[in-house]
Amino acid sequence: MLDIKLIRKNPAWAKEKMEQRNVSGSQIDDLLILDAKRREIMTQVEELKAQRNEVSKQIATLKRAKEDANQQITKMQHVGQDIKHLDAQLEQISEQTEQILVRLPNFSDDSVPVGADESANTELRKWETPREFSFEPKAHWELGENLNILDFERGAKVAGSRFVYYMGLGAKLERALYNFMLDEHQKDGYTEVVPPYLVNNDSMFGTGQFPKFTEDVYSIMDEERPLTLIPTAEVPLTNYYRGEILSEEQLPTYLTALTPCFRSEAGSAGRDTRGLIRLHQFNKVEMVKFCKPEDSWNELEKLTANAENILRKLNLPYRVITLSSGDASFSSAKTYDLEVWMPQQNMYREISSCSNCTDFQARRSQIRYRNSEGKLEFVHTLNGSGLAVGRAVAAILENYQNEDGTVTIPDILVPYMNGEKKITK
RNA sequence: GGAGAGUUGGCAGAGUGGUAAUGCACCGGACUCGAAAUCCGGCGAACCGAUUCGAUAUCGGCGCGCAGGUUCAAAUCCUGUACUCUCCUCCA
């Protein structure tokens, strides 16, 4: 959530920043009109309440002295009516203000390339050149099906399209990967967490998925109480400290978790219909950080390096992209995407997304800390995938495939595969 | 699933219709070479608004798990709800 005071202070700047994110500047105008009205009513109602408090004290004094207070009581009955009326108005206008405010995305950092969509993204760096194949590289789904380690057909039968079974060494490769990732992140100072996979609406609001993106997730009703299957571990990890005041010593806090992620993929019909790239359920290792505001930009670089570390140790070629203002996600002030090389598609595909959400999520979820002057401040939150496990499996299958259709296990994973060096039929 | 108890400041804990005791902690001061002890004073956290360019500050609102209701007035009464604990039941 944006700081309304910041918008109040500099409306023109706020409008420009919102337009960079494909949000009409008129939203800011509407917001400020409502905000001015809200404060006007608030002043009125607060004056009346002050009066009521004052007279109530007189009534109490009179009553204690066994004197007559009827005149004051009658007067306050009217004041009470006025307060009720104005409070109702205030509530209505506050709701309208909130409606707008909670749907505005975070401000992009000034270092972010300005543009409406992914065409304005910029490449920051590239690591390793993709391998030259002496044969036509196969798609990972073809390799996986031939090796009997991926079964999309039965996934579709049992659950529907965009679901898969990993079998045998495929399942083991998946497990090897996330064990490896979690071990690496632990070395980098992250605490391993197993969080809830179902979360309540407050949590979904806290990280910015709700109220705007209800279509993208699976929700269930549990005794009238809605719960949502997490679309990413960012939600339970960032909400870990929701509503809390942290001490300075608790910062920075690094958390990591392997979780399944559930996404309805509404609006992506027809895209990546084959393979492991876009499933309704996939595993992901996520990293989340809470830090002091002054540290968050440095922490973003470190977080991104932690994700890159995984790809480097797996020896998978990748590049780092800075997402443009229009392409970055709702809560993010700046996002780096890591894209891994996929030989069959002959292109880089997103495998990780590392974002600095500044105080945007912290304000929504009320996560603060007491700074050295004893003042409360919102923390900054960051999150990044390290990595999407399914996509990593896909990248390994394609990059490590041999001409005979077998797949060599990356050296670093061999110990995690009980010494298995190759996947054969 | 059933029954009961509870939720009050940083912590402990009183308050059952008249506007949140008290203790510890904390902050300031005195004493001291300095500290401890002692004494004096201050202090519920957060949030919002007005005055202000802004900060400080002042005033006000708000504030007893949360949301409603009754009342001139609610921590207190009523309704709903969340969470915690205990017991029973069930269960991996």
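Order of the sequence lines sets the chain letters (A, B, ...), proteins ahead of strands, with each chain counted from 1. What you see is a predicted model, and the numbers here were worked out from it, not measured in a lab.
- Applying the ring-ring contact (aromatic ring centres under 6.0 Å, His included) test to every pair with at least one member in residues 77-115 of chain A, sequence neighbours left out, gives these pairs: A:W13-A:F107.
- Rounded to whole Å, the C1' atom of B:A3 lies 43 Å from the corresponding atom of B:C43.
- Whole-Å rounding puts the A:E377 CD to B:A46 P distance at 13 Å.
- When the C1' atom is compared between B:C53 and B:A46, the two are found 27 Å apart, to the nearest whole Å.
- Salt-bridge formation is not detected for the pair A:K292/A:D295: no Lys NZ or Arg NE/NH1/NH2 atom is positioned less than 4.0 Å from an Asp or Glu carboxylate oxygen.
- One interatomic measurement links the two molecules: CD of A:E46 to C1' of B:U51, which rounds to 14 Å at whole-angstrom precision.
- Taking the nucleotide of RNA chain B with the nearest heavy atom to each of A:R368 and A:Q51, the more 5' of the two is matched to A:R368.
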Each base of RNA chain B marked ( ) or [ ] if paired in-strand (Watson-Crick or G-U under 3.5 Å), | if paired to another strand and . if unpaired gives ((((((((.[[[..)..(...]]].(((((.......)))))....(((((.....)))))...[[[[[..)....]]]]])))))))....

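- Residues satisfying the side-chain hydrogen bond (donor to acceptor under 3.5 Å, both in side chains) test with A:T259, not counting sequence neighbours, are none.
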Close N or O pairs between protein and nucleotides 53-57 of chain B (under 3.5 Å):
unit_1	atom_1	unit_2	atom_2	d
B:U56	OP1	A:K375	NZ	3.3

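- For A:D411, the side-chain contact (heavy atoms from CB on, under 4.5 Å) test picks out no residue, with sequence neighbours left out.
- Atom name C1', nucleotides B:A14 and B:G6: the rounded distance is 16 Å, in whole Å.
- Summarising the geometry, the separation between CD on A:Q81 and P on B:U70 is reported as 9 Å, rounded to the nearest angstrom.
- Here B:U81 presents its C1' atom at 14 Å from CG of A:N200, a figure rounded to the nearest Å.
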Just the table, please: protein N/O against nucleotides 72-75 of chain B N/O, every pair under 3.5 Å.
unit_1	atom_1	unit_2	atom_2	d
B:C72	OP1	A:Q77	NE2	2.6

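- The side-chain contact (heavy atoms from CB on, under 4.5 Å) with A:I396 is formed by just one residue from the set A:N315, A:V340, A:L143, A:L413; it is A:L413.
- Remark: the separation of the C1' atoms in B:G41 and B:C48 is 30 Å, to the nearest Å.
- Contacts of A:Y190 classified as ring pair (Phe, Tyr, Trp, His ring centres under 6.0 Å), with partners at least two apart in sequence or in another chain: A:H185, A:Y254.
- Every residue meeting the side-chain hydrogen bond (donor to acceptor under 3.5 Å, both in side chains) condition with A:Y416, not counting sequence neighbours, appears here in chain and number order: A:D183.
- In this entry the distance linking CD1 of A:I4 with C1' of B:G49 reads 13 Å, nearest Å.
- The closest side-chain donor-acceptor pair between A:D109 and A:S111 falls under 3.5 angstrom.
- For the pair A:L62 CG and B:G18 P, the computed distance is 16 Å after rounding to whole Å.
- Residue pairs meeting the salt bridge (charged side-chain N to carboxylate O under 4.0 Å, His left out) criterion with at least one partner in residues 12-24 of chain A, sequence neighbours excluded, are A:K15-A:D29, A:K17-A:D110.
- Going from atom CG of A:L86 over to atom C1' of B:C62 covers 16 Å, rounded to whole Å.
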For A:E308 and A:Y318: C-alpha separation, side-chain torsions, deciding distance, then whether side-chain hydrogen bond (donor to acceptor under 3.5 Å, both in side chains) applies.
CA-CA 8 Å; A:E308 283 178 65; A:Y318 69 90; 2.5 Å; yes

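- Between A:K84 and B:U70 there is a side-chain N or O to OP1 or OP2 distance below 4.0 Å.
- Annotation: salt bridge (charged side-chain N to carboxylate O under 4.0 Å, His left out) contacts involving residues 71-99 of chain A, sequence neighbours excluded, comprise A:K49-A:D87.
- A gap of 41 Å separates the C1' atoms of B:C87 and B:A73, to the nearest Å.
- Residues satisfying the side-chain hydrogen bond (donor to acceptor under 3.5 Å, both in side chains) criterion with A:R278, sequence neighbours excluded, are A:E265, A:D272.
- Look at the C1' atom in both B:G54 and B:G61: the space between them is 23 Å, to the nearest Å.
- Between A:N53 and B:U19 there is no side-chain polar atom (N or O) within less than 4.0 angstrom of OP1 or OP2.
- Nucleotides B:A74 and B:A20, compared at atom P, are 12 Å apart to the nearest Å.
- In this model, the phosphate group of B:U51 is not approached by any side-chain N or O of A:R39 to a distance below 4.0 Å at OP1 or OP2.
- Every residue meeting the side-chain hydrogen bond (donor to acceptor under 3.5 Å, both in side chains) condition with A:K187, not counting sequence neighbours, appears here in chain and number order: A:E184.
- Among the heavy atoms of the strands lying under 4.0 Å from A:R8 are primed sugar atoms or P, OP1, OP2 only; no base atom is included.
- We find that CG of A:D87 is positioned 10 Å from P of B:G68, with the value rounded to whole Å.
- For the C1' atoms, the distance linking B:G28 with B:G80 amounts to 47 Å, nearest Å.
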